[in-house]
Each structure stands twice: as structure tokens, then as C-alpha cells.
2 protein chains.
Amino acid sequence: MNDAPAEPVTGRQRSARKAEAILKGARQEFLQRGYAAASMDRIAATAGVSKPTIYSHYGDKASLFRALTSRMVERRVADVFGPASPAALEPDQARKQLAQLAERIVVLNERHPEMLNFLRMVIGESGRFPDLAQGFVAEVQERVLARLTQILAAITDQPELKARIFIGTLMHTILFEDVLHGGGLGPSCKQPLGALLVELLSAAPKHP
Amino acid sequence: MNDAPAEPVTGRQRSARKAEAILKGARQEFLQRGYAAASMDRIAATAGVSKPTIYSHYGDKASLFRALTSRMVERRVADVFGPASPAALEPDQARKQLAQLAERIVVLNERHPEMLNFLRMVIGESGRFPDLAQGFVAEVQERVLARLTQILAAITDQPELKARIFIGTLMHTILFEDVLHGGGLGPSCKQPLGALLVELLSAAPKHP
DNA sequence: GTCTATACATCGATAGAC
DNA sequence: GTCTATCGATGTATAGAC
């Protein structure tokens, strides 16, 4: 507003940069160790600030965890599931998008271990931070289920229920194979799962 | 072997009973707070023993956690999914068992909050205790996927892949609605999901 | 706003008596 | 085997100088 632009770096800018550095350090620490085992000392050291600076910005450990997680919920879900789809779809395009979406979800989760640790953290702390878990669920419902339902509506009936089957099967596979180190399935076995899903769910309506 | 049966309670029996009490206290503490936030002091107090007794029986905190979790993996999975099914099945029986199994899995998980906390714990600690997570996955694969595959083989093709879709959809629903407090679906919305699953997956083979 | 230094509690694990 | 008492380390959070 009325700040003088003479100084190359204002106090506000310094403070904002430190707040970002703190969030970055907190992300690393919380994702690696979980909420309880995370240490405010290590976060301060990683961020290159002192402990009181963290407390002056975020209040306490739980508030810092909330600030970090609620931000990650939006970003990570958007990264994995991409932007919203266009309004109307031809059946062929819908089938294609469905297959692409399946592969994108599986591949992105495999390649980014940060996403796996994020899932571990949100689920593991869902008993003590139910509001954060609810925020994650709401974001996935909005971004993913809505889009899947829209795509499926172009080719079959009961698109909502079938969207749940689609995303449920993919998430379960990621959870068991990647998060829980199942290791029973290779990429050669995950791909036909997506293909079979598209085939099964795009079947013609039973009551036309 | 050569113990005298005159004494009503031998030292061995006392020790075994304490080991059980410790496991019971550890279960309560670990399930409620997670591994890192769990306190050996509180476990000792809940179990009615002193801390050195715990350490003489289980070595350290991680070993106690392993002993508890590996035992719970077997028991909880067996409780929810029941005994193995008979060898051969008629298609009608198979469809019936499939529907019963779906309802059993959903209802048991809803009614026993201990199972929900167990899922939170195993997933949340799967980064730091990968072997325990693998044990859980292996138990589910053996007990559930094998049985589902057997049932589905009586009525359709690709029973293995379809078994993954079946269990994946159910587990994902439990995860989002119950573990993560989604709350978007009532029982009236979970039941048709199971019915739709049976209908979709029991479709006739495409390549007979 | 940001630092150094510290208060105060609790942690996991153990020594030594019995 | 089991106890009481305690060790050293680490935890969150804060007081006071600048």
C-alpha cells in the first residue's frame, strides 16, 4: 500500500520468504517422519530459521501441520488429476480419456514418492486430524469423481456408481502395491487392469 | 515338563499372563496414538506392570510394535473375511456368496472402530515399517483375493482381475467413508454399490 | 520480527535391589 | 523376573535482548 519501494527487500518480503522456507522444511520433515515424530528443531534447521520464528508465524506444531497439509491437499490432488474436462464428450473420446486418466493416475503416483508419503500421512493422522482427512476426501470427490462421472455419463448408465468403482480400483492398487509395498504386480499387470476397467464400465446400459 | 503341579500358579504362567496384559495395553495405546506418539510409560500403566518388565519381554519399543502388529494382521483379517470357502461352487451360490461377502466386509468395518484404527496405523507406519505393511498385504492377498478369485471363477472369465476390482472398490469405500470420515455416503448408498459390483462382475465371458 | 538461551515435561531405556 | 529410581536425550514452547 504505502511502503516505500526504495529498499530492495522490504521486511514484509523477508517475512514472507521465511514463511515459505518454513513450509518447505515442514513438508520434508512431516512427510518423512509423520506428525508425532516430526521435530520443530529439525524443521527450523532445515528452513534456516530459528524456532521462535516458526512459532511467531504458525502458532504451534498442530497449526503448522494444518497449514502445510491443507495446502498440499489442493496442490497434490490437482497435480495428479489434472484440470477439469470439457463439457460435452463423444463416446469414443470418453473411452480414450478414461484410459489416459487411469494411466496418468498410476504412473504419477509411482514416480512421485512424495505423493505416497502424503497418502501415508493423511491416512495415518486421520484419527487425530479428521478435518484434514475430510478436506482431502472433499477435494478428491470434487476434482476426480465429478470428472469421472461426467466422462462416464457419455457412454453408460449409473455413471456415479461406476466412477466409484473406477477410482476405487485404481486407488486400491496404488495403496496395496506402492504405499504398502505389495510388490506383487508389475507395470505389465497394472495396465490391463485399467483396460479391463474401461471395457467393463463402458458396457451398454442394461435398462435403455 | 518337570514342573510340580502342586502350586496353583507357576512362575511361567504369571509371566505369560503379564506378556498378554502388555500386548493388550500396547494395542490400546498404539491404535489410539500411533507408533511415535505411543508411550511405554502409559503401556506399562495400562497393563499393570512396570516398564522393565516390558523391556525384558519384548526388547524395545519397535519389537513390541512388531509383535503386536503381526499378531493383529492375522487375527483382524481372519475376523473380517472369515474362513476359506468350499472347493466347487454353482453360479447361483457364487453370486450369493459374493453379495454376502461384500456386506460382511462393509458392516464389520463400520461396527468395529478398532479395525479402522488398525488400518490407519498400518498405512501410516508403512514407510517406517515396510515389512509389517507387506505382511498385511500378503495376508489379504492370501485370504481375500484367493477366495474372491475362486468364487468369481465359477461365473465369469478373468476372475483374478475382477477380484481386484471387487475388493478394491469395497476397500476404497471403507477408506474414504469410514477411515477418512468422508460421510458422503449412507448405508443406503453403500448397499447398491455391492449389488452393482456383483451384477457387473458376474457378466458372461466375452470370449467363450 | 528475529535471534540466543532456557524452562519444563516427557521420552526410551537401564542399573541395581530383591 | 519384577520392582523402584533414575539417566541422558529430546520434545514443545517461551522469555528477553536486539
Can you measure from CG (Leu193(A)) to CD (Glu177(A)) and round to the nearest 0.5 angstrom?
-> 10.0 Å
Sugar-phosphate or base contact per nucleotide [nucleotides 3-18 of chain D; S, B, -; heavy atom under 4.0 Å] = BB------SBBBB---
For Tyr58(A), check ring-ring contact (aromatic ring centres under 6.0 Å, His included) against everything at least two apart and list the hits.
-> none
For Tyr58(B) and dT2(D), what is the distance between atoms OH and C1' respectively, to the nearest whole Å?
-> 15 Å
Decide side-chain hydrogen bond (donor to acceptor under 3.5 Å, both in side chains) for Lys162(B) and Thr156(B); before the verdict, give the C-alpha distance in whole Å, the side-chain angles of both, and the deciding distance to 0.1 Å.
-> CA-CA 9 Å; Lys162(B) 289 181 180 175; Thr156(B) 184; 2.7 Å; yes
Please list, by residue number, the residues of residues 21-31 of chain A whose heavy atoms come closer than 4.0 Å to an atom of DNA chain D; answer none if no residue qualifies.
-> none
What closest approach, in Å, do Val137(B) and Gly182(A) show between heavy atoms, and which atom pair accounts for it?
-> CG1-CA, 3.9 Å
Of all pairs that satisfy ring-ring contact (aromatic ring centres under 6.0 Å, His included), the ones with a partner from residues 143-173 of chain A, not counting sequence neighbours | His172(A)-Phe176(A)
Rounded to the Å, how far apart are His57(B) NE2 and dG1(D) C1'?
-> 7 Å
For the residue pair Tyr35(A) and Phe129(A), categorise the inter-ring angle as parallel (less than 30°), tilted (30 to 60°) or perpendicular (more than 60°).
-> perpendicular
Please state how far atom CD1 in Ile43(B) lies from atom C1' in dA13(C), giving the value in whole angstrom units.
-> 14 Å
Taken in chain and number order and not counting sequence neighbours, the residues that satisfy side chain to side chain donor-acceptor pair (under 3.5 Å) with Asn109(B) are none
Which pairs count as salt bridge (charged side-chain N to carboxylate O under 4.0 Å, His left out) when at least one residue sits in residues 45-71 of chain B, sequence neighbours excluded?
-> Glu20(B)-Arg71(B), Asp41(B)-Lys51(B), Arg66(B)-Asp131(B)
